[in-house]
Amino acid sequence: MNELRQSLEGEGNSRFAFLQGPLLSRWAPIPLRLIVGYGFMEHGFAKLSKGPENFAAILHVIGVPAPHLMAWLTILTELIGGLAVLLGAFLPLVSLPMAVLLFAAIFTVHLPYGFSSIKLMSVTAGRAQFGPPGYECDLLYLACLAALVLGGSGPLAIDGLLRKWRKNGRSFHGGLVHP
């Protein structure tokens, strides 16, 4: 074991030195923002393209109160929240309603199907047939949101830009930056 540790700490590891340290780790939130933001927006666009009334009918069947209102709130949360995550904007704020949607999906839809999001049922005519997904992906989204809220949105984020403006004593009013 010591030999392995020494070899990793020795010259053989120098070619991977660029993967260590704060320079690279500060970019770690970027892939999380991209996949979570895009994923939420994709789900929102799918519900919107199939018709919010169809999603409201599904919500009605599973017993969600005010299904039409909740359908629109869900779609808007997915679209606006997804865009905000993608841009790294207001992450602590938008993560709350997004987390609520994920927990609602877990407890109203996915929980009876178990953990795994992939359930291969059969292969017919060269195509895989899958069963209903479990709550695995919802937990992954929740973990990513938690990591972004706790660790920060990283570089190229609107949150960072807003922090710089506040730090420099500037405020943003009505589209104009005031010193």
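This is a predicted model, so every value here is computed, not measured. Numbering of residues begins at 1 and proceeds along the displayed sequence. Note: hydrogens, waters and symmetry copies are ignored here, and every other heavy atom, side chains too, is used.
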Next item on the list: List the steps, then state whether side-chain contact (heavy atoms from CB on, under 4.5 Å) holds for I106 with L139.
Entry: CA-CA 9 Å; I106 288 171; L139 291 179; 4.0 Å; yes
Item checked: Check against side-chain contact (heavy atoms from CB on, under 4.5 Å), W165 and L162 -> CA-CA 5 Å; W165 281 352; L162 293 174; 4.0 Å; yes
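Smallest separation of non-hydrogen atoms from V94 and A89: CG2-O, 4.1 Å. When all heavy atoms of G88 and A157 are compared, the closest pair comes out as O-CB, 3.7 Å. Between V149 and P92 the shortest heavy-atom distance is CG2-CA, 4.0 Å. Summarising the geometry of V85 relative to G37, their closest heavy-atom pair is CG1-N, 3.8 Å, with the distance given to 0.1 Å. Nearest heavy atom pair, residue A56 against residue P67, reads O-CB, 3.3 Å.
Between the side chain of D159 and the backbone N or O of S153, no donor-acceptor pair lies under 3.5 Å. Panel note: side chain H110, backbone D138; no donor-acceptor pair is recorded below 3.5 Å. Side chain of S49 to backbone of A46: a donor-acceptor contact under 3.5 angstrom is found. Proximity of a side-chain donor or acceptor of S122 to a complementary backbone N or O of T124 within less than 3.5 Å is not detected. Although no hydrogens or angles enter the test, the distance criterion places a donor-acceptor pair under 3.5 Å between the side chain of E78 and the main chain of G44.
Of the inter-residue distances, the one linking L59 atom CG with N54 atom CG reads 11.0 Å to the nearest 0.5 angstrom. Distance check, rounded to the nearest 0.5 Å: CD1 of I75 to CE of M70 gives 11.5 Å. Rounding to the nearest 0.5 Å places NE2 of H43 at 9.5 Å from OH of Y38. Remark: L76 CG to W72 CH2 distance equals 6.5 Å, nearest 0.5 Å. Atom CE of M98 and atom CG of L145 lie 5.0 Å apart (nearest 0.5 Å). Within the model, atoms CG of L161 and CG of L156 stand 11.0 Å from one another, a figure rounded to the nearest 0.5 Å.
In the hydrophobic clustering of ILVMFWY residues, with side-chain heavy atoms under 4.5 Å counting as a link, F103 and V36 come out together. Residues I35 and L148 are members of one and the same hydrophobic cluster, defined by side-chain heavy-atom contacts under 4.5 angstrom among Ile, Leu, Val, Met, Phe, Trp and Tyr. Clustering ILVMFWY residues whenever any of their side-chain heavy atoms sit less than 4.5 angstrom apart, transitively, puts L83 in the very cluster that holds L48. Cluster annotation: L79 and V100 are assigned to distinct hydrophobic clusters (Ile/Leu/Val/Met/Phe/Trp/Tyr, side-chain heavy-atom contacts under 4.5 Å, transitive). Under a hydrophobic-cluster definition in which Ile, Leu, Val, Met, Phe, Trp and Tyr are linked whenever side-chain heavy atoms come within less than 4.5 Å, directly or via other members, V123 and I118 are assigned to the same cluster.
Residues L86 and R33 have side chains not in contact (no heavy-atom distance under 4.5 Å, counting atoms from C-beta outward). Contact annotation: the side chain of P133 never approaches that of E136 to less than 4.5 Å [non-hydrogen atoms, C-beta and beyond].
Residue K50 qualifies as open at atom NZ: its count of foreign heavy atoms under 6.0 Å is 12 or below.
Pairs passing the ring-ring contact (aromatic ring centres under 6.0 Å, His included) check and including a residue from residues 113-152, sequence neighbours excluded, read F40-Y141, F115-Y135.
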